[in-house]
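Data first, discussion second: the structure below is written as structure tokens.
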Amino acid sequence: MEDYTLVVRKPCFGLPTACPSCLPLYFYLKFANLPFQLDYNLTYPDSDKIPYVESGEYVAYNNEKGGVIERLKEDGIVDLDTEFQSVPEWISMKAMVSSWLADAIKYELWVGTDGTSAQTIYCSDLPWPIGKVLFLKQVYNVKRQLGITKDNAEEIEEQIYKRASIAFEALSSRLGDQMFLFENRPSSLDAVFLSQALITLQALPETSILRSKLLEHENLVGYASRVNMEFVDASTSSSVPNSHANPSSSAPRRGPSNWRSKPKTKPKREKTKEEKDFKRRAKYFLVAQLVSVVLFVTLMGQVDGVEVELDDDDEGFDYNE
């Protein structure tokens, strides 16, 4: 049996990781009964390579070949979706969860709430100035990705929550009283949705609109609670996971010592050329990010000044960034 390590963002809110990109992979490997160690990278909150899986010289990054799950399928390591790839309803639900609900989670974390949850998940282990500017930069990026402007903010918000309601209703009807969404066995669809549900229930504030919409469906909430108890709360006997953080950064806020799937000491290995290049460039990452964000804030301030002049004729429009 190969020794696999899953590297994700920090544990918080009672979850092994509250990152919407990382938690689905955690559940996918758990559903597949693939033994793995769980390590954390606390230093690079906006790296698109996280999460990633490594074993010996093998590394599967999140930013290649459609994500880690697809890479693991293609490389013949683990595939839970073989029987569902030609099922139209499964395909459509996977697309709905990966788009409509993913957009809703993204919106709530960065725009629809006060941002406290997003800062805890991504930025709280960074020095305050860097964490703050990276947070503001990501808020801007999310608004751009979702097509939000000051003229259509309310319309986009309404559309996001409407689609989320439709998705929850469809998933609730599909689940019924089954153990899993299709054929009573888990797939990547279950891994993605359960991650979204648990982040919604445990990481978002009680005032969250998305959270209130999910709570309307008792079977979905019960499903998430059951899986959480089985695959997260039940892992209480493992040791504290390793961290891939820069030792000069602030100390991470650890969760309980229950989130390593297989407590064993990982033998040292020769790093691949790609990993060496990645680590060599990583030391310049935070400085580059800080410089880019400062330039961004400066330029946006100039643009805002122009917009204020152009918007003097607007009547009664109030937009809060």
Side-chain angles (χ1 to χ4, degrees), residues 2-12 15-29 34 36-75 77-78 98 102 105-106 109-110 118-126 130-131 133-135 137-138 141-142 145 188 191-192 195-196 199 241-249 252 259-261 266 268-293:
E2 293 286 343
D3 180 22
Y4 292 96
T5 297
L6 170 61
V7 180
V8 296
R9 294 188 173 92
K10 63 181 296 180
C12 51
L15 299 171
T17 173
C19 168
S21 298
C22 300
L23 194 56
L25 183 55
Y26 172 89
F27 280 119
Y28 187 81
L29 297 181
L34 185 73
F36 63 94
Q37 300 179 69
L38 189 58
D39 288 350
Y40 295 105
N41 187 307
L42 310 179
T43 311
Y44 310 111
D46 59 349
S47 172
D48 59 359
K49 290 190 174 185
I50 302 171
Y52 58 88
V53 170
E54 58 182 0
S55 177
E57 296 185 356
Y58 176 86
V59 183
Y61 290 111
N62 187 56
N63 65 344
E64 55 186 8
K65 295 187 178 181
V68 183
I69 291 178
E70 292 303 315
R71 173 77 183 276
L72 294 177
K73 292 180 187 178
E74 293 180 9
D75 293 341
I77 295 176
V78 59
S98 300
I105 287 279
K106 184 184 298 182
L109 282 174
W110 298 99
Q119 292 188 63
T120 299
I121 296 168
Y122 294 96
C123 304
S124 60
D125 293 292
L126 297 174
I130 295 177
V133 293
L134 287 180
F135 171 78
K137 179 182 177 183
Q138 186 61 18
N141 288 336
V142 168
Q145 291 166 11
S188 63
V192 174
S195 302
Q196 295 171 339
I199 291 171
N242 298 326
S243 171
H244 285 203
N246 188 320
S248 64
S249 63
W259 292 315
R260 169 172 285 178
S261 303
K266 185 181 175 183
K268 292 184 178 180
R269 63 177 176 82
E270 184 69 20
K271 292 182 173 60
T272 63
K273 183 177 182 300
E274 183 180 3
E275 289 178 292
K276 290 179 180 178
D277 291 341
F278 176 67
K279 290 182 180 296
R280 178 172 54 83
R281 293 192 302 268
K283 66 176 67 176
Y284 304 109
F285 176 82
L286 293 179
V287 174
Q289 285 293 321
L290 179 58
V291 171
S292 66
V293 172

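Expressed to the nearest 0.5 Å, how far CD1 of I121 lies from OG1 of T17 amounts to 7.5 Å. Once rounded to the nearest 0.5 Å, the distance linking OH of Y40 with SG of C22 reads 10.0 Å. The OG atom of S21 lies 15.5 Å from the NZ atom of K49; values are rounded to the nearest 0.5 Å. Rounding to the nearest 0.5 angstrom, the gap separating the CD1 atom in I50 from the CG atom in L25 is 12.5 Å. Note that the OH atom of Y44 and the CZ atom of R9 stand 12.5 Å from one another [nearest 0.5 Å]. Residue Y122 holds its OH atom at 12.0 Å from OG of S47, rounded to the nearest 0.5 Å.
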task = Take Q37 and D3 through the test side chain to side chain contact (heavy atoms under 4.5 Å, CB included) and record every step on the way to the result.
result = CA-CA 8 Å; Q37 300 179 69; D3 180 22; 3.1 Å; yes
inquiry  = Please determine whether side chain to side chain donor-acceptor pair (under 3.5 Å) holds for the pair Y52 and N41, giving the CA-CA distance in whole Å, both sets of side-chain angles, and the decisive distance to 0.1 Å.
reply    = CA-CA 10 Å; Y52 58 88; N41 187 307; 4.7 Å; no
query = What do the steps show when you test K10 against T120 for side chain to side chain donor-acceptor pair (under 3.5 Å), and what is the final call?
reply = CA-CA 9 Å; K10 63 181 296 180; T120 299; over 6 Å; no
request  = Determine, step by step, whether V78 and Y28 satisfy the side chain to side chain contact (heavy atoms under 4.5 Å, CB included) criterion, reporting the C-alpha distance in whole Å, the side-chain angles of both residues, the deciding distance to 0.1 Å, and the verdict.
outcome  = CA-CA 9 Å; V78 59; Y28 187 81; 3.7 Å; yes
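Looking at S188 and K73, their side chains come closer than 4.5 Å, going by heavy atoms from C-beta outward. Under the 4.5 Å side-chain criterion, counting only non-hydrogen atoms from C-beta, L15 is in contact with L23. Side-chain contact check for S55 versus T5: every heavy-atom pair is 4.5 Å or farther apart. No side-chain heavy atom of V133 sits under 4.5 Å from any side-chain heavy atom of K137. Looking only at side-chain heavy atoms (C-beta outward), V8 and C19 stay at 4.5 Å or farther from each other. Residues F36 and V53 are not in side-chain contact: their nearest non-hydrogen atoms beyond the backbone lie 4.5 Å or more apart. Looking only at side-chain heavy atoms (C-beta outward), Y26 and L6 come within less than 4.5 Å of each other.
For the residue pair D48 / Y61, no side-chain donor-acceptor distance below 3.5 Å is found, with atom types taken as modelled.
Among all heavy-atom pairs drawn from T43 and L126, the shortest one is O-CD2, 3.4 Å. In terms of heavy atoms, E64 sits closest to V59 at OE2-O, 3.6 Å. Residues S98 and A102 share a closest heavy-atom pair of O-CB, 3.2 Å.
Ion pairing between a basic and an acidic side chain is recognised when a charged N comes within 4.0 Å of a carboxylate O; E74 and R71 show no such pairing.
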